[in-house]
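Worksheet: one structure, shown below.
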2 protein chains.
Amino acid sequence: MALEHALLVSLTEREGSGYELARRFDRSIGYFWAATHQQIYRVLRRMEESGWVTHTEVAQDGRPDKKVYRVSKAGRVELTRWLAEPIEPTTLRDELGVKLRGASLGDTAAVLREVERHRAEHATRLEVYRRIARRDFPKPAKLNGRELHQYLVLRGGIRAEKSFVDWCDEVVQALRSEGVR
Amino acid sequence: MALEHALLVSLTEREGSGYELARRFDRSIGYFWAATHQQIYRVLRRMEESGWVTHTEVAQDGRPDKKVYRVSKAGRVELTRWLAEPIEPTTLRDELGVKLRGASLGDTAAVLREVERHRAEHATRLEVYRRIARRDFPKPAKLNGRELHQYLVLRGGIRAEKSFVDWCDEVVQALRSEGVR
DNA sequence: CGTACCTATGCAACTGGTTGCACTGCACCC
DNA sequence: GGGTGCAGTGCAACCAGTTGCATAGGTACG
């Protein structure tokens, strides 16, 4: 149940509408927990039922009204509770590994192309993350508190993407030298 | 829909019962796609409805009967089809990042302990994977075909765990030097 | 002798997340 | 004038995966 808590974190930092949260998630927390707007709207409603957040309707001109959510006392209590609670370490989950594992049962060359495609995609993400790091945290050694934590989360994203790209390179090289084209 | 195909890969290599597949998944493909026995039983039934596998009931003495599944012609066709098809690159999904991101809103020291706990868990997995690599693939440079692909999948697991452990170390160090205990 | 764990399968209920679609209105580009 | 895209919320249906439980005989340990 991390989405609830990811939203609590995000809303504690700054109140916002479902739509805005969805946009924020594309960056930042989204490196570790992606979510669609549907999911976010639904969860926000559930959170309101639980009393963790409240909303106020805000009229805008030229745009549809929005519901701005804000964390309640109970929400802050819940967030601290969750933060202190242990969670299960995650296991990797990537279809590409399954494909590679079955490569010899089909068109190995097609799997190789797929690995290259994923490599490109992850390399792009890596570049995006690195650019954000340079732009938003030019002096990482001086950070502390919330900013430091944000930076470290970004570092996690960078490390994960880097490691995936390196793995793809290893795979491509190994398949190539086996004669796959 | 990778579980179906993971099972097809596994069953193509060797026929087996749901239970056996669950055991096999604990190693090997499980590094990239974990599954519980419930999930496997259910999916096997669905796959049989689709005509991808057939089963024969096998009586055993001293143990319950088992249903041994085997891939059909249609199953092999489906597997090759899927192998040639592109899939979406995955995004990271780890609650720990969410917690870290929210650390300053609760007990940062507790989050630090949690990171250390996850570090230990992932380090253990890393050791397990490395041991398997040494035992099953002592001469990786000489591999090709299915064995090479198996090895590369394992390498992916190793890289992912290594990168996670390193990240945890970075986080622990950073939090420590900010004074968190 | 009881407890606990292994092999083996399965149902039922639930939770979490995705996909497709609908509606409104403005801004921008060709 | 038409298409695209953004801002904003939402329903309904679906798919995937988890959790708890049940059953049943076997082995191993203290």
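On a predicted model such as this, the values are computed, not experimentally measured, just so you know. Each chain gets a letter, A, B and so on, in the order the sequences are listed, and its residues count up from 1.
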Decide if atom CD of Glu85(B) counts as having more than 12 heavy atoms of other residues, nucleotides or ligands within a radius under 6.0 Å. yes
With nearest nucleotide decided by heavy atoms, which residue, Arg63(A) or Lys66(B), maps closer to the 5′ end of DNA chain C? Lys66(B)
Would you mind reading off the distance between Asp65(B) atom CG and dG25(D) atom P, rounded to a whole angstrom? 12 Å
Check the distance between dC14(D)'s C1' and Arg46(B)'s CZ and give it to me in whole angstrom. 12 Å
If we ignore hydrogens and angles and just use 3.5 Å, is the side chain of Ser17(B) paired with the main-chain N or O of Val68(B) as donor and acceptor? no
Distance in angstrom units between Glu95(A) CD and dT18(C) P, rounded: 13 Å
Return the value, rounded to whole Å, for the distance between atom NE2 of His37(A) and atom P of dC23(C). 15 Å
Counting only side-chain N and O atoms of Arg93(B), is one of them less than 4.0 Å from OP1 or OP2 of dG17(C)? yes
Would you indicate, yes or no, if dC11(C) has its OP1 or OP2 atom less than 4.0 angstrom from a side-chain nitrogen or oxygen of Arg45(B)? yes
Considering the terminal five base pairs at each end of the helix from dC1(C)-dG30(D) to dC30(C)-dG1(D), what angle separates the two local helix axes, rounded to 10°? 40°
For His55(A) and dG8(D), give me the distance from atom NE2 to atom P, rounded to whole Å. 15 Å
Does a side-chain N or O of Gln39(B) approach OP1 or OP2 of dG17(D) to a distance below 4.0 Å, or not? yes
Within less than 4.0 Å of OP1 or OP2 of dC15(D), is there a side-chain N or O belonging to Arg42(B)? no
Tell me whether Arg117(A) contacts the main-chain N or O of Ile87(B) through its side chain, where contact means a donor paired with an acceptor under 3.5 Å. yes
Proximal nucleotide (of dT9(C), dG10(D), dT7(C)) relative to the Lys67(A) side chain: dG10(D)
Working note: Tyr31(B) + Trp167(A), criterion ring-ring contact (aromatic ring centres under 6.0 Å, His included); need CA distance, chi angles, decisive distance, verdict. CA-CA 14 Å; Tyr31(B) 314 140; Trp167(A) 176 64; over 10 Å; no
For the side chain of Arg24(A) and the backbone of Ser10(A), is there at least one donor-acceptor N/O pair under 3.5 Å apart? yes
Should Trp33(A) be listed as having a side-chain N or O under 4.0 Å from OP1 or OP2 of dG17(C)? yes
Ser17(B) side chain N/O closer than 4.0 Å to the phosphate oxygens (OP1, OP2) of dT9(C)? yes
Whole angstroms only, please: what is the CD-P distance between Gln38(A) and dG8(D)? 16 Å
His55(A) and side-chain contact (heavy atoms from CB on, under 4.5 Å): which partner among Arg70(A), Glu48(A), Lys66(A)? Glu48(A)
Integer-rounded Å distance: dG10(C) P and Leu21(B) CG: 13 Å
Sub-3.5 Å donor-acceptor pair from the side chain of Arg93(A) to the main-chain atoms of Ala34(B), do we have one? yes
Please figure out whether Pro64(B) or Leu3(A) has its closest DNA chain C nucleotide nearer the 5' end. Pro64(B)
Mind checking what makes side-chain hydrogen bond (donor to acceptor under 3.5 Å, both in side chains) contact with Arg45(A), not counting sequence neighbours? none
Look at the side-chain N and O atoms of Tyr41(B) and state whether any lies under 4.0 Å from the OP1 or OP2 oxygen of dG10(C). no
Would you mind reading off the distance between Glu4(B) atom CD and dG17(D) atom C1', rounded to a whole angstrom? 12 Å
Answer yes or no: does a side-chain N or O of Gln60(B) lie under 4.0 Å from OP1 or OP2 of dA8(C)? yes
Taking the side chain of Tyr19(B) as heavy atoms from C-beta outward, which of dG17(D), dT7(C), dT19(C) is closest to it? dT7(C)
